[in-house]
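Data first, discussion second: the structure below is written as structure tokens.
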Amino acid sequence: MTPLINPVTLFFASIFTSNILLSNFLGMCSFISISKDWKSSFGLGMAVTVVMTITAAISWVVLFYVITPLGLEYLSFIVFIVVIAAVVQILEMVIDRASPALYLSLGIFLPLITVNCAILGAILFLQIRSYNFLQSVAFGAGSGLGWWLAIMLLAAIRERTEKSPVPAGLKGPGITMITIGFMAMAFIGFSGMIAVQ
Amino acid sequence: MNPIILGPLVVAGSAALLALVISLVDSVVNNYGEVTIDINHGKKLFKVNGGSALLGTLASQGLFVPSACGGRGSCGACKARVLSDVGPVLPTETPYLTPQELADNVRLSCQVKLKKDIAIELPEELFSVKKFKATVETIRDLTYDIKEMVFRLDDPESIAFESGQYVQIVVPAYGDIKEEVQRAYSMSSRPGDSGRVELLVRLVPGGIATTYVHKFLKEGDSMELVGPFGEFRVHDTPTTMVCVAGGSGMAPFKSMFYDMRERGTFPEKEIWYFFGARTTRDMFYLDELRQLEKEWPRFHFVPALSEPKPEENWTGDTGLITDVLDRYIKDRVGKDKGLEGYLCGSPGMINACIAVMTNNGIDQSNIYFDKFA
């Protein structure tokens, strides 16, 4: 454990070298289903980033001021899920009121995010790794941006594979899974450069 | 403290706290104040509280836009043309809108959230749509899978409609069905008998509304009806009507024929009515309609069975209804006044009949139908 890792380092590490999607394979379902379309990918990725940053901060407070002092670590899953659901709900209402344009590009994905395992995964990581508040926020924002980066990359590649002479049996999900495998291998090349564990 | 008590307390406490925060945010953020709904260029004006969907808000003002799914955006029925700016079309709406409708800014009223004053256009006939409290007066088996239901209207006590129109019945949540749904049924009663509504309901295996009506509803039960809706009606021309129905598609025609007979409307119209069924088990109202044919010279009734069994001693026409129709249009139906088609039944039957009619020279624009799945 390296609890003293610099938040800035952690932020960049969680975008590139330990990308939550490509090194931990979290949030795969929406990653595969939404990445068909560049615009939707952008909106969903941004929504994940926003929700992940906010939930990381709130969950840290809940974790270290409620759950840990009371010795209720076994309840963290259920409490975190409730926190995520509530944050998403509130965020949706606020965005709808504040900016219809933003709501249209980002807000409609918010309900999807409630069940995105990358969000819960990020919160559980910050618990396991005992990050402090700044580290948690940096890790949440970095992981979110990392998720956004991964889905944008995949969307860009898929726009190409759509028009490429892919063998019939591999069209759609097949070639997408292979692409994701290559992307993950490429990202593994970075692993170990910065130890975030 | 005992962890068995502490655990649930913490979970319930945090959930309650978050719920409180949500409802606080909801009351502040979702409060759009009073907005005005302008319908058909000032014909109707509603002042309402904003924040919810247009469909539900209109219903709370007693204006019922047809909707089969109850506002979940899954039926695409509640279309309304929006004249003011309400923001871009949502991805939840696009699958239900044609390019022409998108160009006209037609929207699904269940997906449009009221945030500011809005101007919309709705068919004028919706103004007469009401929600009726009704009581089931009689239920009668017409065939093994079609029931005739008669509702007595309690509040309001009478309905004004044209033969051919339909009502939606409001099916409450029951058994495994967790949400109220609405389903459309053509009225088979006459407009003259305005205190009652008669519907013909065929049991569709697995159908939410038909199962409810067939298995759960009893005489004396209360039910809510919303209506009347629909454009299917007798057109005011001297042209001969060629009507084709199957199964519960009988309903609008029964209403039309008895209404025309009773009031003597459209006196120049000759009427041919083709009713298709598989065996005598699927045939109903046979004696009533044959009686009507005897008493009313301009009405011709052609029941046909596609798969009669020898022991049924069927003396009427046999064959698929499309073949029977083709035969009659070619040989029997007088064409001097021209022909117009009226169809009610399954999409498959309607499409097949349209093909037969157009092949026999009836113009597509003179074929009217009420398609139900």
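Computed from a predicted structure; not experimentally measured. Atom set for the values below is all heavy atoms of this structure, side chains included, hydrogens, waters and symmetry mates excluded. The chains referred to below are lettered A, B, ... by the order of the sequence lines, with proteins before strands, and numbering in each begins at 1.
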### Charged tip of Lys44(B) within 45° of Phe127(B) ring normal and under 6.0 Å
yes
### Task
Name the region of Val66(A), side chain, backbone, both or neither, that has any atom closer than 4.5 Å to a heavy atom of chain B.
side chain
### Message
Can you tell me which portion of Val79(A) sits under 4.5 Å from chain B's heavy atoms? Options are side chain, backbone, both or neither.
### Response
side chain
### Task
With Arg129(A) as the cation and Tyr131(A) as the aromatic partner, state whether NZ or CZ is under 6.0 Å from the six-membered ring centre and within 45° of the axis.
no
### Which of Gly7(B), Gly13(B), Gly87(B) touches chain A most, by non-hydrogen pairs under 4.5 Å
Gly7(B)
### Query
Tell me the ring-ring contact (aromatic ring centres under 6.0 Å, His included) pairs involving residues 161-189 of chain A, sequence neighbours left out?
Phe187(A)-Phe190(A)
### Message
More than 12 heavy atoms of other residues, nucleotides or ligands under 6.0 Å from CD1 of Ile78(A): yes or no?
### Response
no
### Query
What part of Val83(A) gets closer than 4.5 Å to chain B, counting heavy atoms only: side chain, backbone, both or neither?
both
### Task
Please state whether the side chain, the backbone, both or neither of Leu70(A) comes within less than 4.5 Å of a heavy atom of chain B.
both
### Task
Run through Ile37(B), Leu108(B), Val86(B) and flag the one making a side chain to side chain contact (heavy atoms under 4.5 Å, CB included) with Leu54(B).
Ile37(B)
